[in-house]
Amino acid sequence: MRGAHPRVVLGLHRSRHERRLLTGALNAGVTSLDTAFNYFGFRSHQVLAQIAGDLLPKFAVSTKVGYFPGPKGTTHSLNPVRLLGAVEQTARDLGREPELVFLHNPEQSLLAAGPPGRDMLTTACAAMTEAVKKGLCGAWGVATWDPRPLVDLIGTTVPRPAVLMVRAGLLVGGRALDAADALTATWGTDDGGVWGMSPFGGSARDPLWTAFDPRVFLREGSGLSRVQAAFRLAYALPSVDAVAVGTDEPAHLGELVGALAAEVDESAVDGYRCLLRERMRGQSD
Ligand SMILES: NC(=O)c1ccc[n+]([C@@H]2O[C@H](COP(=O)([O-])OP(=O)(O)OC[C@H]3O[C@@H](n4cnc5c(N)ncnc54)[C@H](OP(=O)(O)O)[C@@H]3O)[C@@H](O)[C@H]2O)c1
């Protein structure tokens with residue numbers, strides 16, 4: 001087994017939930033696992049406990065609450081009672097308390113709420129704080145696919161999460177990158193407190209990854225594949241401490257871990273961010 005790589009998180013959003021994936025992750029030194037209440041048809045926690053209950057203590061497990069099964073399909077809610085209930089059920093289904101529980105895409109409910117959104121978010125964050133106090137999880141966080149609606153809401157009144165998780169990598173647009181930076185600055189998250197997600201936007205087979213060479217953003221990236229370079233770059237777009245990545249192929253995790261040693265060319269990244277801002281200024285929206 002390789003040394004631990006806390007900066008790589010195995011995300012189970014699209015994964016097959018097979019034991020070999022978890023043993024492969026441990027062998028690659030990946031000891032953080034990210035799932036959600038709604039992943040795998042709302043069965044992720046139960047299935048993990050069934051197929052790998054003995055392995056789970058070897059991982060730092062993070063999960064998310066916010067999506068619930070409804071009569072017409074999945075619904076989103078920030079109702080504090082439902083959130084707390086979901087965290088309680090999570091600990092039961094996993095067979096142990098997770099290290100971290102994220103509020104899952106709170107913007108989904110906030111966009112529909114309009115101006116009362118800040119109170120709604122404050123109450124939801126208070127429910128997560130309560131879950132930690134009750135010992136149902138080690139810490140709480142916010143995972144947001146689109147951080148833009150949160151920026152104007154959080155001010156100084158919304159409780160600060162231990163971890164903020166945002167989209168990362170080359171597919172993230174300029175406005176989302178700026179919003180992620182703004183949230184990080186306002187919340188002032190601790191060291192290790194900002195995670196990236198979805199570095200390939202869900203698929204490394206997108207033609208983009210053959211058309212564009214992300215190695216131009218690395219100082220000495222010539223030994224890496226384009227996929228490895230895109231993964232390494234995700235730690236800098238925006239600046240994050242860890243990245244949650246999905247795979248069904250344990251060997252792929254090893255490749256990604258191998259990319260961590262590469263150095264990002266910060267001036268190239270800064271130049272790219274400037275270009276994105278110039279482009280945004282030229283757009284009305
Ligand atoms: N709102 C939220 O909270 C939210 C939303 C999205 C994602 N996330 C988190 O982020 C995690 C990852 O996101 P994601 O699943 O959307 O997508 P992703 O990590 O951007 O992409 C996953 C894809 O990348 C491929 N891949 C990974 N390593 C590779 C390698 N070395 N070589 C070739 N292909 C490789 C995988 O294919 P193979 O199976 O062939 O390796 C898989 O199809 C999720 O599981 C979840 O934890 C959170």
Side-chain angles (χ1 to χ4, degrees), residues 5 7-18 20-22 24-25 28 30 32-40 44-45 47-48 59-67 74 76 78 86 98-111 128 140-150 161 163-172 176 179-180 183 194-210 214 224-235 237 240-260 262:
H5 294 286
R7 300 182 72 206
V8 181
V9 179
L10 172 61
L12 299 180
H13 181 23
R14 301 166 209 275
S15 117
R16 294 200 196 108
H17 282 58
E18 291 171 355
R20 68 176 187 103
L21 185 55
L22 274 64
V30 174
S32 296
L33 207 59
D34 182 65
T35 185
F37 192 72
N38 61 314
Y39 287 0
F40 214 63
S44 177
H45 299 148
V47 172
L48 282 173
F59 287 94
V61 177
S62 60
T63 185
K64 318 182 195 72
V65 293
Y67 290 101
T74 301
H76 191 271
L78 292 180
E99 273 73 13
L100 178 63
V101 181
F102 291 100
L103 212 47
H104 200 172
N105 295 347
E107 68 273 14
Q108 289 274 317
S109 290
L110 296 173
L111 281 173
M128 303 303 283
W140 70 275
V142 169
T144 167
W145 184 255
D146 182 0
R148 292 172 302 171
L150 299 184
V163 180
L164 170 68
M165 178 148 75
V166 290
R167 286 173 68 202
L170 271 170
L171 295 180
V172 186
L183 273 191
V194 189
W195 291 13
M197 61 167 128
S198 211
F200 305 114
S203 171
R205 291 195 186 88
D206 190 290
L208 170 86
W209 306 117
T210 42
L224 299 186
S225 69
R226 291 181 185 209
V227 167
Q228 284 178 306
F231 180 69
R232 180 63 188 90
L233 184 57
Y235 289 82
L237 282 175
V240 296
D241 306 293
V243 172
V245 60
T247 185
D248 274 329
E249 177 46 68
H252 282 172
L253 269 186
E255 285 173 26
L256 300 180
V257 165
L260 291 180

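Both counts, for ligands and for their atoms, begin at 1 and track the order of listing.
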Atom indices of ligand 1 within 4.0 angstrom of [X] heavy atoms, with elements:
| X | result |
| --- | --- |
| His104 | 1 (N), 2 (C), 3 (O) |
| Thr247 | 38 (P), 39 (O), 41 (O) |
| Arg205 | 40 (O) |

Is it the case that the side chain of [X] and the backbone of [Y] share a donor-acceptor pair, with hydrogens and angles ignored and the cut-off at 3.5 Å?
| X | Y | value |
| --- | --- | --- |
| Thr210 | Pro207 | yes |
| Arg167 | Ser198 | no |
| Ser62 | Leu33 | yes |

### Query
Can you name the nearest heavy-atom pair linking Thr247 to Ser15, along with the distance?
O-CB, 4.0 Å

What's the shortest distance from [atom] to any protein heavy atom, and which residue and atom give it?
| atom | answer |
| --- | --- |
| atom 24 (O) of ligand 1 | Phe200 CD1, 3.4 Å |
| atom 36 (C) of ligand 1 | Gly246 O, 3.4 Å |
| atom 28 (N) of ligand 1 | Leu256 CD1, 3.4 Å |
| atom 35 (C) of ligand 1 | His252 ND1, 3.7 Å |
| atom 6 (C) of ligand 1 | Trp145 CZ3, 3.5 Å |
| atom 8 (N) of ligand 1 | Met197 SD, 3.5 Å |
| atom 34 (N) of ligand 1 | Ala204 CB, 3.4 Å |
| atom 1 (N) of ligand 1 | Asn105 OD1, 2.7 Å |

### Task
Have a look at ligand 1 and work out which part of Ala143, if any, has a heavy atom under 4.0 Å from it: side chain, backbone, both or neither.
side chain

### Query
Between Val245 and ligand 1, which part of the residue brings a heavy atom under 4.0 Å of the ligand: side chain, backbone, both or neither?
both

### Query
Can you name the one residue among Val243, Leu164, Val9 that meets side-chain contact (heavy atoms from CB on, under 4.5 Å) with Trp195?
Val9

Test of proximity, [X] against ligand 1: N or O pairs below 3.5 Å:
| X | value |
| --- | --- |
| Thr144 | no |
| Gly201 | yes |
| Pro199 | yes |

Could you grab the distance from atom [atom1] of [X] to atom [atom2] of [Y], nearest 0.5 Å is fine?
| X | Y | atom1 | atom2 | answer |
| --- | --- | --- | --- | --- |
| Leu21 | Leu10 | CG | CG | 5.0 Å |
| Leu48 | His17 | CG | NE2 | 4.5 Å |
| Phe200 | Leu208 | CZ | CG | 11.0 Å |

### Message
If the test is ring pair (Phe, Tyr, Trp, His ring centres under 6.0 Å), which one of Phe37, Tyr67, Trp140 qualifies with His104?
### Response
Tyr67

### Query
Should one rank Glu255, Arg14, Arg167, Gln228 by closest heavy-atom distance to atom 16 (O) of ligand 1, which comes out on top?
Arg14

### Message
For atom 17 (O) of ligand 1, which of the options Gly202, Pro250, Gly66 provides the nearest non-hydrogen atom?
### Response
Gly202

### Task
Output all residues satisfying side chain to side chain contact (heavy atoms under 4.5 Å, CB included) with Glu107, sequence neighbours left out; order by chain, then residue number.
Asn105, Thr144, Trp145, Asp146, Pro149

### Message
Between Asp34 and Lys64 (salt bridge meaning N to carboxylate O under 4.0 Å), is one present in this structure?
### Response
yes

#### Entry: Donor-acceptor pair between Thr35 and His45 side chains, under 3.5 angstrom
no

### Task
Determine, using heavy atoms of Tyr39 and all atoms of ligand 1, whether some pair is separated by less than 4.0 Å.
yes

